[in-house]
Amino acid sequence: METVELVKKVQQEQKTMTGAEAVVQSLIKEGAELIFGYPGGAIMPVYDALYDYENQIKHILTRHEQGATHAAQGYARATGKVGVCIATSGPGATNLITGIADAQIDSTPLVCITGQVSSHLLGTDAFQETDVIGISMPVTKWNFQVTKAEEIPMAIAKAFYIAKSGRPGPVLIDITKDAQFGVLDFDYKPFKGMRSYFPKPKLNLEKVKQASLLINQAKKPFVLFGQGVLLSNAESEFKTFIEKTGIPSACTILGLSVLESDHYLHVGMLGMHGNYAPNKLTNECDLLIAIGMRFDDRVTGNLEEYAKQAKVIHLDIDPAEIDKNVKTEVAIIADAKESLIELTNAVQKREHKDWLNQFRMLEKEEQKEVINEELNPSTHILSMGEVIHQINELSDEKNIIVTDVGQHQMMACRYAKFKQTRSMITSGGLGTMGFCLPAAIGAKMGKPDSQVIAVMGDGGFQMTIQELGTILQNKTSVKMVVLNNEFLGMVRQWQELFFDKRYASTEMVNPDFQKIVEGYGIKTKKVTKRESLQDSIKEMLAHEGSYFLEVMVGKENNVFPMIPTGSAVSEIRLK
């Protein structure tokens with residue numbers, strides 16, 4: 001009797017529908033709230049199906065497909081959920097690629113759906129046909145082309161599973177137009193795994209024991225932590241581990257906000273423009289413990305001279321990252337939360353006051369040589385750092401900072417203060433200019449109760465400036481700050497330091513941003529003098545809707561400290 005009732009229940013749940021409707025229903029089944037996208041001919045059946053589900057899933061019309069991917073990234077990074085974006089074939093699909101590549105290198109879970117010409121036209125160079133599977137293969141965790149309607153539910157279920165499991169990343173589903181028009185009996189089943197894919201490696205307790213012995217014996221241990229801690233929701237476990245062991249800890253750019261900025265064991269940010277102490281002392285520690293980070297070249301500098309005196313413990317979920325750049329003594333390949341729980345149980349409670357004090361002494365040197373002047377300039381010219389500092393002072397702890405790429409990004413990463421997790425969103429590995437504005441829109445839509453502050457340069461802002469239209473149409477409240485130095489500032493800095501001030505194609509002749517932003521119905525203000533900076537930031541933060549604040553900053557100000565390309569981390573320069 002139970003079997004008969006089960007069959008009847010299954011038959012009732014099955015519903016005959018088009019492939020296009022199956023796409024929408026599958027997204028709803030996966031809990032998707034928002035889709036960011038741009039319609040076109042090859043994806044039109046899906047958009048037609050969306051029309052009937054406006055109360056269950058919301059589509060956000062961006063002004064460019066790249067904007068859709070970055071918005072989906074911002075949503076995913078702010079919420080921890082899978083971001084979804086959709087585009088048509090040909091140019092629509094290729095316009096997604098930059099955002100997909102960004103998501104791949106920064107481990108952001110995305111499901112990207114593209115329309116494709118009908119299956120009988122594949123390979124004929126039909127109108128708006130592009131081999132998006134071939135193009136996207138190097139920058140996706142998985143991709144798949146659907147040519148039959150009945151393949152749609154399983155393809156989307158598999159896409160969500162792969163995107164969010166293990167080390168997250170972007171996936172792409174390319175659906176031919178005839179598959180969207182085709183009919184199927186819809187029966188959605190969440191994907192639960194496949195033989196060839198092991199997203200969560202089994203924790204090796206013997207490796208944990210080996211690591212704990214090294215940690216217990218170390219005199220100068222040093223923790224480097226990255227986004228992997230955040231992706232495994234292990235912020236609490238991480239804090240417990242470092243507080244028990246008393247180990248000084250430094251973050252990567254994507255690790256910002258994993259640990260509150262003022263934590264007594266937080267010694268700053270690693271990298272080319274990171275803090276002086278953690279970079280300098282990397283080459284003096286006797287044990288390096290890397291947690292959820294991948295030893296990017298911006299962190300290591302010259303690998304031939306990187307931490308050669310130290311033994312290395314590496315905790316990461318992705319075996320491909322182990323020994324890729326830095327050779328390890330002990331590798332713990334597992335989920336960071338599981339690893340940290342076991343490792344914390346295995347280690348002894350310790351303090352490293354003298355070692356920690358070495359970091360604090362170098363911090364004072366950086367404060368004297370760099371930070372004091374950046375936050376309190378002796379000239380009348382406004383600095384990027386003081387703008388970020390004022391935003392810190394005047395805003396609350398629920399802020400989410402989203403940055404673009406360049407000098408302003410490094411200044412925001414250096415001087416913004418973080419109290420809660422997932423409060424810094426930036427393009428790390430790919431360094432994508434134009435990321436910020438659409439990502440900030442996605443972050444605000446994912447976290448409507450948070451104040452989202454988008455920090456941009458005048459160059460990056462103009463790369464996706466059209467997304468002001470997305471703000472206009474959706475009445476999204478994003479606080480936008482453009483630090484305008486009328487230069488492509490980071491490139492100009494390199495030209496100054498390493499190319500004899502030959503400023504080739506880096507000076508910007510900008511339009512009147514105030515008039516442009518006003519055209520989108522957004523309140524705007526321009527700051528040129530220090531006396532009006534504080535009140536202008538207060539006004540921006542108090543304003544109910546979106547607000548655009550343009551701040552004119554020094555044209556030839558530089559970001560320091562700096563590790564010159566090819567140099568060791570210990571060769572970091574304060575000026």
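For this chain, numbers begin at 1 and follow the sequence in order.
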Should [X] and [Y] count as side-chain neighbours, where that means a heavy-atom distance under 4.5 Å?
{"X": "Val258", "Y": "Thr421", "value": "no"}
{"X": "Ile401", "Y": "Phe418", "value": "yes"}
{"X": "Glu393", "Y": "Gln534", "value": "no"}
{"X": "Arg422", "Y": "Thr79", "value": "no"}
{"X": "Phe548", "Y": "Tyr520", "value": "no"}
{"X": "Phe222", "Y": "Ser249", "value": "no"}
{"X": "Arg492", "Y": "Asn558", "value": "yes"}
{"X": "Leu549", "Y": "Met480", "value": "no"}

- [ ] Test salt bridge (charged side-chain N to carboxylate O under 4.0 Å, His left out) on Asp262 and Lys419 and set out the steps.
- [x] CA-CA 8 Å; Asp262 59 359; Lys419 291 285 189 180; 2.4 Å; yes
Open item on the list: Between Gln495 and Thr506, do the side chains contain a donor N or O and an acceptor N or O under 3.5 Å apart?
Closed with: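 The criterion, which ignores hydrogens and geometry beyond distance, is satisfied for Gln495 and Thr506.
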TODO: Indicate whether the side chain of Gln66 and that of Thr464 have a donor and an acceptor atom separated by less than 3.5 Å.
DONE: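 Thr464 and Gln66 do not have a side-chain donor-acceptor pair below 3.5 Å.
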- [ ] Show your working on side-chain contact (heavy atoms from CB on, under 4.5 Å) between Leu265 and Val223 and close with a plain yes or no.
- [x] CA-CA 10 Å; Leu265 290 171; Val223 166; over 6 Å; no
How long is the straight-line distance from [atom2] of [Y] back to [atom1] of [X], given to the nearest 0.5 Å?
{"X": "His352", "Y": "Asn357", "atom1": "NE2", "atom2": "CG", "value": "14.0 Å"}
{"X": "Leu287", "Y": "Ile247", "atom1": "CG", "atom2": "CD1", "value": "7.0 Å"}
{"X": "Lys526", "Y": "Asp512", "atom1": "NZ", "atom2": "CG", "value": "6.5 Å"}
{"X": "Lys141", "Y": "Leu172", "atom1": "NZ", "atom2": "CG", "value": "15.0 Å"}
{"X": "Cys251", "Y": "Leu259", "atom1": "SG", "atom2": "CG", "value": "8.5 Å"}
{"X": "Gln451", "Y": "Met540", "atom1": "CD", "atom2": "CE", "value": "7.0 Å"}

Check: [Y] main-chain N/O paired with [X] side-chain donor or acceptor under 3.5 Å:
{"X": "Thr403", "Y": "Gln409", "value": "no"}
{"X": "Asn484", "Y": "Gly457", "value": "no"}
{"X": "Glu65", "Y": "Tyr38", "value": "no"}
{"X": "Lys444", "Y": "Ala439", "value": "no"}
{"X": "Asn279", "Y": "Ile572", "value": "no"}
{"X": "Asp323", "Y": "Thr328", "value": "yes"}
{"X": "Asp316", "Y": "Asp318", "value": "yes"}
{"X": "Asn392", "Y": "Lys417", "value": "yes"}
{"X": "Glu386", "Y": "Ser383", "value": "yes"}
{"X": "Ser567", "Y": "Ile563", "value": "no"}

Open item on the list: Can you tell me which residue among Ile253, Thr252, Leu254 is in a side chain to side chain contact (heavy atoms under 4.5 Å, CB included) with Gln227?
Closed with: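 Output: one option passes, namely Leu254.
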Task: Stepwise salt bridge (charged side-chain N to carboxylate O under 4.0 Å, His left out) test for Glu321 and Arg167 - done: CA-CA 11 Å; Glu321 295 299 342; Arg167 180 180 179 174; 2.7 Å; yes
Look at atom [atom1] of [X] and say whether more than 12 heavy atoms of other residues, nucleotides or ligands are closer to it than 6.0 Å.
{"X": "Phe499", "atom1": "CZ", "answer": "no"}
{"X": "Lys219", "atom1": "NZ", "answer": "no"}
{"X": "Lys324", "atom1": "NZ", "answer": "yes"}

Which heavy atom in [X] sits nearest to a heavy atom in [Y], and how many Å separate them?
{"X": "Gly429", "Y": "Asp106", "answer": "N-OD1, 2.8 Å"}
{"X": "Phe225", "Y": "Gly255", "answer": "CE1-O, 3.6 Å"}
{"X": "Ile400", "Y": "Ser450", "answer": "CD1-CB, 3.8 Å"}
{"X": "Glu305", "Y": "Asn283", "answer": "O-ND2, 2.9 Å"}
{"X": "Val455", "Y": "Leu483", "answer": "CG1-CD1, 4.1 Å"}
{"X": "Thr470", "Y": "Thr62", "answer": "OG1-CA, 3.4 Å"}

Any salt bridge linking [X] with [Y]? Criterion: basic side-chain nitrogen under 4.0 Å from a carboxylate oxygen.
{"X": "Glu518", "Y": "Lys515", "result": "no"}
{"X": "Glu531", "Y": "Lys529", "result": "no"}
{"X": "Lys239", "Y": "Glu260", "result": "yes"}
{"X": "Lys368", "Y": "Glu363", "result": "no"}

Got a sec, which pairs hit salt bridge (charged side-chain N to carboxylate O under 4.0 Å, His left out) with one end in [range], sequence neighbours left out?
{"range": "residues 451-460", "result": "none"}
{"range": "residues 550-574", "result": "Glu486-Lys555, Glu507-Lys555"}
{"range": "residues 274-294", "result": "Arg294-Asp296"}

- [ ] Tell me, with the steps shown, if Ser257 and Gln420 meet side chain to side chain donor-acceptor pair (under 3.5 Å).
- [x] CA-CA 6 Å; Ser257 84; Gln420 62 176 13; over 6 Å; no
Task: Verdict with reasoning, Tyr306 to Asn325, per side-chain contact (heavy atoms from CB on, under 4.5 Å) - done: CA-CA 10 Å; Tyr306 183 77; Asn325 295 323; over 6 Å; no
Task: Trace of the side-chain contact (heavy atoms from CB on, under 4.5 Å) decision for Gln407 with Met490 - done: CA-CA 5 Å; Gln407 286 182 314; Met490 187 60 81; 4.1 Å; yes
Task: Stepwise side-chain contact (heavy atoms from CB on, under 4.5 Å) test for Met424 and Val402 - done: CA-CA 6 Å; Met424 163 54 91; Val402 187; over 6 Å; no
Task: Given Thr432, Thr69, Thr108, the one that forms side-chain hydrogen bond (donor to acceptor under 3.5 Å, both in side chains) with Asp102 - done: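 That would be Thr432.
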Open item on the list: Pair Glu374, Asn557 - check side chain to side chain donor-acceptor pair (under 3.5 Å), show working.
Closed with: CA-CA 9 Å; Glu374 183 62 39; Asn557 289 357; 5.7 Å; no
